[in-house]
Amino acid sequence: MQHFWLRHEVKEGEGRSPLLPTHAAALIQKGHKVSVERSATRCVADALYEEAGAQLVETGSWVNAPKDAVILGLKELPESNDALVHNHIFFAHCFKGQGGSAELLNRFKSGGGTLWDLEFLTLDNGRRVAAFGRAAGIAGMAVGLLVWAYKQLDPLSVSPCPPLVERFQNYDELATYVKQFLDKAKEKSGKLPTVIVIGALGRCGGGSVDFAEKVGITPTKWDLDETKKGGPFPEILQHDIFVNCIYLMTKIPPFVTSEGIAGPGRVLSVIADVSCDTSNPNNPIPVYNQTTTFLKPTLRATQGDNPLDVIAIDHLPSLVPAESSKEFDDALIEHLLAYPNTPVWTRAKDLFHQKTKEVLG
Ligand SMILES: NC(=O)c1ccc[n+]([C@@H]2O[C@H](COP(=O)([O-])OP(=O)(O)OC[C@H]3O[C@@H](n4cnc5c(N)ncnc54)[C@H](O)[C@@H]3O)[C@@H](O)[C@H]2O)c1
């Protein structure tokens, strides 16, 4: 019997959940215990978990959960230096040298806790067990198109995209919303944007391409074949919007550079960096160094009369929290039911120990 403890997400704008009430009920039916922290921001009402048989507990109380509880979440833990004593399942973003990696791994090491990173739960064939990629690609394309449209409608605005406070029930509703702005922008500027997606054959890239097509745009699609000659790529600068969806594994030549974007003749007006390797030392878009949020979706990479705006939101799927959570939870549940003694969990645990050793010695 396991005790799963679904924590409230502290990240601003995060509304997704890795476990929905129907599958909380499935865990309980198998004899597991499920505690769910009350959360005013989760896309599912607390009461639905209670109806499913879960025990509701106070927001943020996982720190005092019984030591054998398995703390389930999505994004980062609240900021703290405290030792981590529990078993945790979440996207920790600390195995690729990202900022703060050593500190987080050190918290696990000193508390004796274990991390199963959701990004590294893989099947025997190497495929990810569950991913938000498709939803991220859809949302990244949607925000990229919105920002481009806002820029046509108000070219002098220093902050082209207002806070995106609205959340959408599903991808169709999001497409209808974006299409309205594109239509208005087209009326004013006389055109729809040209778009290039890199990493187009992946999960995020596929979502991006599909969403663009849904709103009437056929993007240029690049993947490994097209980038093998090595960047920077002048072709990117000749599209209105660049949506980056690659899975970065090693150092590669940059796709765009500060010198390139400062040069004459640039068409590029918006970069939607879905991959969001902002704090990765090998980020192939080294023209910005901060993430953005739904409350302030863009940062300006170049000023002047042809500004370039970058979107680097690292929790894009929460624009459509219910549909993206359902896709993720549907894929994860069979593995949660089998936790922790299958190769999926063992591999991820081994990787955690290997990375901890590499980083901390
Ligand atoms: N911003 C967010 O909210 C968010 C959410 C989910 C995933 N992501 C990130 O998006 C990235 C992609 O995830 P995914 O699930 O789509 O991965 P994936 O493995 O399904 O797809 C990645 C694609 O990138 C291609 N690729 C890799 N290197 C390339 C290169 N140098 N040039 C051209 N193409 C290249 C691959 O061939 C593949 O088709 C990951 O870094 C992931 O962490 C971000």
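Computation of the quantities below employed the complete heavy-atom set of this structure, encompassing side-chain atoms and omitting hydrogens, waters and symmetry-equivalent molecules. Start at 1 and go down the list; that is how both ligands and their atoms are numbered. FYI, the numbering just counts along the sequence from 1.
Residue Leu316 has at least one nitrogen or oxygen atom sitting less than 3.5 Å from a nitrogen or oxygen atom of ligand 1, judged on distance alone. On a distance-only criterion, Val274 and ligand 1 share at least one N/O pair closer than 3.5 Å. Polar contact with ligand 1: absent for Cys276 (N/O pair, distance under 3.5 Å).
Listed by atom number, the atoms of ligand 1 under 4.0 Å from Ile252 heavy atoms are 31 (N). Interface atoms of ligand 1 facing Cys245, defined by a heavy-atom separation under 4.0 Å, are 12 (C), 22 (C), 24 (O). Atoms of ligand 1 found under 4.0 Å from any heavy atom of Thr227, numbered from 1 in the order shown, are 30 (C), 31 (N), 32 (N), 33 (C).
Figure legend: Arg167 and Phe294 shown as a cation-pi pair, the cationic atom lying under 6.0 angstrom from the six-membered ring centre and within 45 degrees of its axis. A cation-pi arrangement is present between Arg7 and Phe90, with the terminal nitrogen or guanidinium carbon under 6.0 Å from the aromatic centre and inside a 45° cone about the axis. Within the cation-pi definition used here (under 6.0 Å to the ring centroid, within 45° of the axis), Arg16 does not qualify as a partner of Phe328.
Between atom 20 (O) of ligand 1 and the options Arg203, Lys228, Glu226, the minimum heavy-atom separation is to Arg203. The nearest non-hydrogen atom to atom 13 (O) of ligand 1, considering only Cys204, Gly202, Ser324, Gly133, comes from Cys204.
When every heavy atom of Trp62 is checked against every heavy atom of His86, the shortest pair comes out as O-CE1, 3.2 Å.
A heavy-atom separation below 4.0 Å is found between Ile198 and ligand 1.
Taking 4.0 Å as the cut-off between side-chain N and carboxylate O, Lys326 and Asp330 count as a salt-bridged pair.
In summary, of the residues considered (Val270, Thr298, Asp154, Leu153), a side-chain contact (heavy atoms from CB on, under 4.5 Å) with Pro160 occurs for Thr298 alone.
At the shortest separation from atom 27 (C) of ligand 1 among protein heavy atoms lies Tyr247 O, 3.4 Å. The protein atom (non-hydrogen) at minimum distance from atom 6 (C) of ligand 1 is Ala136 CB, 3.6 Å. In this structure, the protein non-hydrogen atom closest to atom 37 (O) of ligand 1 is Asp223 OD1, 2.5 Å.
Taking a distance limit of 4.0 Å, we find that atom 42 (C) of ligand 1 is approached by no protein heavy atom.
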